[in-house]
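For reference, the structure discussed in these notes is given below.
When reading the values below, keep in mind they use all heavy atoms of this one structure, side chains included, and skip hydrogens, waters and symmetry mates. Read the numbers this way: they start at 1 and go in the same order the structure lists the ligands and their atoms.
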Amino acid sequence: MNHIFNNNFQYSPSSDGGMKYYSLNHNAPRVSFAEAALRGQAPDKGLYFPRRIPKLPKGFIENIKSYSKEEIGFTVMKPYIGGTITDSELQRIVNETINFDFPLVKITEDISALELFHGPTLAFKDVGARFMSRCLGYFNRHAYHKTTVLVATSGDTGGAVANGFLGVDGVDVIILYPSGKVSKIQELQLTTLGQNITALEVNGTFDDCQSIVKLAFMDNDLNQKINLTSANSINVARWLPQQLYYFFAYQQWQEKDAPIISVPSGNFGNICAGVLAYVSGLPVKHFIAACNANDVVTRYLETEQYTPKPAVATISNAMDVGNPSNFVRIIELFHQQFSALKNKMSSISVDDITTAQTIKEVYQQYHYTLDPHGAVAYYALDNYLQNSPSGACGCKGFILETAHPVKFPDTVEDAIGRSLEFPEQVQHLLSAEKKSILMPPHFNDFKEWLMNK
Ligand SMILES: *Cc1c(COP(=O)(O)O)cnc(C)c1O
């Protein structure tokens with residue numbers, strides 16, 4: 001493949017070599033991309049952040065339509081890797097990460113959907129999970145000991161991570177999910193993979209799963225015996241590649257003005273990746289952080305007060321987050337300047353009734369089936385376009401459709417009044433055999449099982 005950086009567009013060697021990451025708690029050493037990806041979180045519990053946001057090569061945006069996804073992926077990611085992965089391996093990892101479609105589909109004259117659900121687990125988390133798993137596989141390639149990835153999931157994360165790591169040498173994955181609290185497809189995605197993936201069906205809630213994982217990372221016996229890693233969404237190797245599809249959307253964008261982008265947000269990793277793309281040079285007119293009843297950031301943008309709260313349950317449950325971990329990265333991207341952030345980003349909190357109503361109306365009027373997360377984003381964008389002072393300028397935008405509606409059948413089928421068909425990627429799941437290990441919701445039972453595994 002003819003890399004862009006080999007032709008006209010070159011990052012200068014000084015800006016490309018040795019990208020370092022610092023902790024946003026500012027009390028830990030700077031590290032390379034490899035170390036940040038392997039550690040996940042800095043020793044001072046801070047999130048890693050790139051020391052410098054690379055600028056896109058000159059002419060890149062003007063000519064974006066002439067590049068392949070693979071060329072864009074390589075060019076955008078290379079400076080972040082700081083030489084810790086060879087070019088040919090990075091290109092392979094990028095190609096495998098994005099080997100499905102990212103269509104920008106028109107719903108109305110003014111609103112399109114960037115469909116991020118054409119990957120193996122039908123959710124945008126496939127992109128981050130596939131990139132991270134391959135990076136960790138590469139960094140661990142000479143390791144003597146196996147690594148064990150522990151994930152607690154309320155549905156989407158576990159499937160994407162498990163699928164990403166499926167068959168990656170030297171890595172075992174253990175997923176904990178709450179029994180009876182994930183949808184049928186989500187459960188099949190977690191429990192039918194086999195190989196290096198083990199699914200633990202916890203007789204409890206998602207919070208129980210999460211607290212078992214947290215205790216495991218602090219347990220001396222376990223950590224002496226096993227090389228435990230998290231596949232948390234704060235990991236830079238999951239966060240950074242999510243900016244790629246914002247570029248793929250722009251390739252397909254037909255309007256003269258830059259788009260307004262509405263992102264259904266929970267932990268704010270997805271929208272934060274979009275802001276990163278914007279800071280490095282991608283044209284974006286405005287960002288909308290579309291939230292459900294968990295409105296910490298919506299409140300913050302109104303009041304400048306950041307007040308985390310316990311999460312409340314909603315029908316867009318992958319966004320039920322009371323203290324979004326990537327919020328600190330957004331603040332950093334705007335250099336801690338509230339006014340700059342407020343200029344570029346709005347937020348709205350959308351309740352469940354409005355979300356369900358939106359699924360229904362968009363289906364009836366435009367024959368497009370939204371999932372509950374995409375519906376939150378749709379309502380937010382529609383509301384913004386109708387009410388913003390720039391409404392007269394003819395602005396247009398798109399939402400990120402973060403999951404396939406079939407992953408949330410109860411809500412969606414209720415709203416549209418008919419049943420959903422399983423897309424082709426998941427047909428095979430219906431005949432696959434579910435394999436899970438039942439686990440009581442207590443750390444000690446989990447520990448005993450893992451020590452004897
Ligand atoms: C995880 C998830 C979100 C939220 O993404 P963040 O990066 O946490 O803001 C939105 N929609 C779906 C379907 C998800 O799985």
Could you check whether the rings of Y246 and F287 sit parallel, tilted or perpendicular, using 30° and 60° as the cut-offs?
perpendicular
Identity and separation of the nearest protein heavy atom to atom 11 (N) of ligand 1:
T402 OG1, 2.8 Å
For ligand 1, indicate whether the residue K407 contacts it via side chain, backbone, both or neither (heavy-atom separation under 4.0 Å).
neither
I'd like to check whether K125 has a polar contact with ligand 1, where a contact means an N/O of the residue lying under 3.5 Å from an N/O of the ligand.
yes
Within the 4.5 Å heavy-atom criterion, are Y250 and L114 side-chain neighbours or not?
no
In terms of its nearest heavy atom to atom 7 (O) of ligand 1, the top option of N317, D320, N270 is N270
Hey, which atoms in ligand 1 end up nearer than 4.0 Å to a heavy atom of P264?
4 (C), 10 (C)
May I ask you to identify, for Q242, whether its side chain, its backbone, both or neither come under 4.0 Å of ligand 1 on a heavy-atom basis?
neither
Taking N or O atoms only and a 3.5 Å limit, does N267 qualify as a polar contact for ligand 1?
yes
Are more than 12 heavy atoms from other residues, nucleotides or ligands located less than 6.0 Å from atom OH of Y379?
no
Give the C-alpha distance, both sets of side-chain angles, the deciding distance and a yes or no for side chain to side chain contact (heavy atoms under 4.5 Å, CB included) between L341 and I331.
CA-CA 7 Å; L341 168 59; I331 302 286; 4.0 Å; yes
Would you check, one step at a time, whether the test salt bridge (charged side-chain N to carboxylate O under 4.0 Å, His left out) holds for E96 with R130?
CA-CA 8 Å; E96 290 178 12; R130 287 165 83 75; over 6 Å; no
If the cut-off is 4.0 Å to any non-hydrogen atom of A403, which atoms of ligand 1 fall inside it?
13 (C)
Check whether more than 12 heavy atoms from other residues, nucleotides or ligands sit under 6.0 Å from atom NE2 of H26, and answer yes or no.
yes
Check for a donor-acceptor pair, side chain of S436 on one end and backbone N or O of T191 on the other, with a separation under 3.5 Å.
no
Determine whether more than 12 heavy atoms belonging to other residues, nucleotides or ligands lie under 6.0 Å from atom OH of Y278.
no
Does any N or O of ligand 1 fall below 3.5 Å from an N or O anywhere on S265, backbone included?
no
Can we say R299 and E302 salt-bridge, meaning some charged N sits less than 4.0 Å from an Asp/Glu carboxylate O?
yes
Here the atoms of ligand 1 under 4.0 Å from any heavy atom belonging to G269 are 6 (P), 7 (O), 9 (O)
Backbone or side chain, does any N or O of F124 fall under 3.5 Å from an N or O of ligand 1?
no
Heteroatom proximity flag, M319 to ligand 1, N/O under 3.5 Å:
no
For atom 4 (C) of ligand 1, tell me which residue out of A123, A290, G266 has the closest non-hydrogen atom.
G266
